[in-house]
Amino acid sequence: MNKWVLIFFIFIISFLTACQSDDPLDLSQPPSTEISDSNPPNDDQSSSTEDEQEQDPIIQQLEQMTLKQKIGQLFVVGFDGLEPNDQIKTLIQEHHVGGIILFSRNIETSKQLLQLTNDLKQLNQSNQIPLIISVDEEGGRVSRLPSNATKFPSNLFIGGKGDPVLTHDIGLVIGNELAAHGFNLDYAPVFDIFSNPKNTVIGDRAYGTTPEIVKEHGNAFMFGLQKSNVISVVKHFPGHGDTVIDSHKGLPVVHKTVEQLKELELQPFQEAIQEGADVVMAAHIQYPNIDGSGRPASLSKILITELLRNDMDFQGVVITDDMEMGAIKKHYGAGEAAVYAVQAGVDLLLYSHHYDLQKEAIQSIEVAIETGEITLQQLNESVERILRLKEKYNLNDDPQSKAGLEIVGSEKHQAVRDQLMD
């Protein structure tokens, strides 16, 4: 058979087979360019869909927040009284403040304190972001908890015992008793080195006179707090141990360079960062040989952004020391200081007492963002860090049960104190 005849027969057979199939070839229509539901999309569409499904919930939350809500998250505020007053209600419900700080003026008994923290959380129910409820509970002479709580001697005494395991247990006891009262953040431990005997503001609040002692016991206490699910705050960066002036009353000046700080003061802070510190408190101390602007560390971009964040690689939350202290009030307006602090790279601004100063600071941040003195990007970065911190510790505004107070001052906790005193 001629090969061309054979090829013709093969073609005819193939054509007839295609026509008899369940899915005949329709030569009258052009091929479809649509992708059916059963077919995978192209790479670009696939990645876009996955991004939408897997978008970081913190970023989603940030994108849904109003400007006023974002600004509010930057503030931790205090107030007068044993129960919420109208001013704190306004700050929580209208200004959406990120946190509250309580002092001795707010605390009387364990039951009253628990009721207060629960009331504050209740006031925040309309906000989607839970409150930081914070306090200074270092032990020793800086203690705010009621008299029935377990009380410990000074950090200098604790450091002198040379038992970091015991220091860890002290942090755990204090953390558990704080949590029982409704607190979720403690402005402790102190990471300052008691290097100047004339320094009365720090003194026995420090764990020791060497970086090694401070590192060992500061981290041990920090781990104890973290184990109790209470956020720890290492303070007072870059070191308050070599000062004479009390920053509550005036502005201390330290004539050291960065290189000199690295030889002593910064060592405990660097160690804490490497060990997982979540929050660092910036001190109101002036370093003229580091920042010629005259601004204290808490308002200094050189010390906060360039040194702490970039050089020391701290990616967590930075909070100021109290912005109503003499070191700030005598040299800056409340709003002016707030703007400088945020520009420096601070995330949380602590205003402990006066409503007029708190309002002025909030309004000044609003204006600074409107005028571009503070960029939206910088605001978003700070709020993101705050939201991630709250998520990490699973903060919520659920009321705390009175049953939890049973551990406060318990025999088990007193046994830790007794072990220290042996």
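Here the structure is a predicted model, which is why all the values come from computation and not from measurement.
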Query raised in the report: What pairs with N124 under side chain to side chain donor-acceptor pair (under 3.5 Å), at least two apart in sequence or on another chain?
Result: N127, D397
Query raised in the report: When you measure from the side chain of Q93 to the backbone N and O of L123, does any donor-acceptor pair fall under 3.5 Å?
Result: yes
Query - By salt bridge (charged side-chain N to carboxylate O under 4.0 Å, His left out) - contacts of E138 (at least two apart) - result: R205, K235
Query raised in the report: Can you name the side chain to side chain donor-acceptor pair (under 3.5 Å) partners of D291, sequence neighbours left out?
Result: S293, S300
**Report entry** Side chains of V280 and F191 in contact at under 4.5 Å (non-hydrogen atoms)
**Finding:** no
Query - Atom NZ of K359: over 12 foreign heavy atoms under 6.0 Å - result: no
**Report entry** Non-neighbouring partners of R385 that pass salt bridge (charged side-chain N to carboxylate O under 4.0 Å, His left out), sequence neighbours left out
**Finding:** D347
**Report entry** Test side chain to side chain donor-acceptor pair (under 3.5 Å) applied to D313 - qualifying residues, sequence neighbours left out
**Finding:** Q315
Report task. Please check if the side chain of R105 supplies one atom and the backbone of G81 the other of a donor-acceptor pair under 3.5 Å. Result -> no
**Report entry** Contacts of type ring pair (Phe, Tyr, Trp, His ring centres under 6.0 Å), residue F237, not counting sequence neighbours
**Finding:** F269
Report task. Check side-chain contact (heavy atoms from CB on, under 4.5 Å) between E324 and all other residues, then give those that pass, not counting sequence neighbours. Result -> D322, K329, Y351, S352, H353, H354, L357, Q358
**Report entry** Partner residues of T150 under the side-chain contact (heavy atoms from CB on, under 4.5 Å) criterion, sequence neighbours left out
**Finding:** F152, V173, E177, H413, Q414, R417
Query raised in the report: Who passes side-chain contact (heavy atoms from CB on, under 4.5 Å) against E384, sequence neighbours left out?
Result: I58, I59, L62, R388
Report summary line: Residues passing the salt bridge (charged side-chain N to carboxylate O under 4.0 Å, His left out) test with K68, sequence neighbours excluded, are none
Query raised in the report: What residues, two or more places apart in sequence or in another chain, satisfy side chain to side chain donor-acceptor pair (under 3.5 Å) together with S143?
Result: E137, K151
Query - N-O pairing of E94 and K89 below 4.0 Å - result: no
Report summary line: By side-chain contact (heavy atoms from CB on, under 4.5 Å), T209 pairs with (sequence neighbours left out) F194
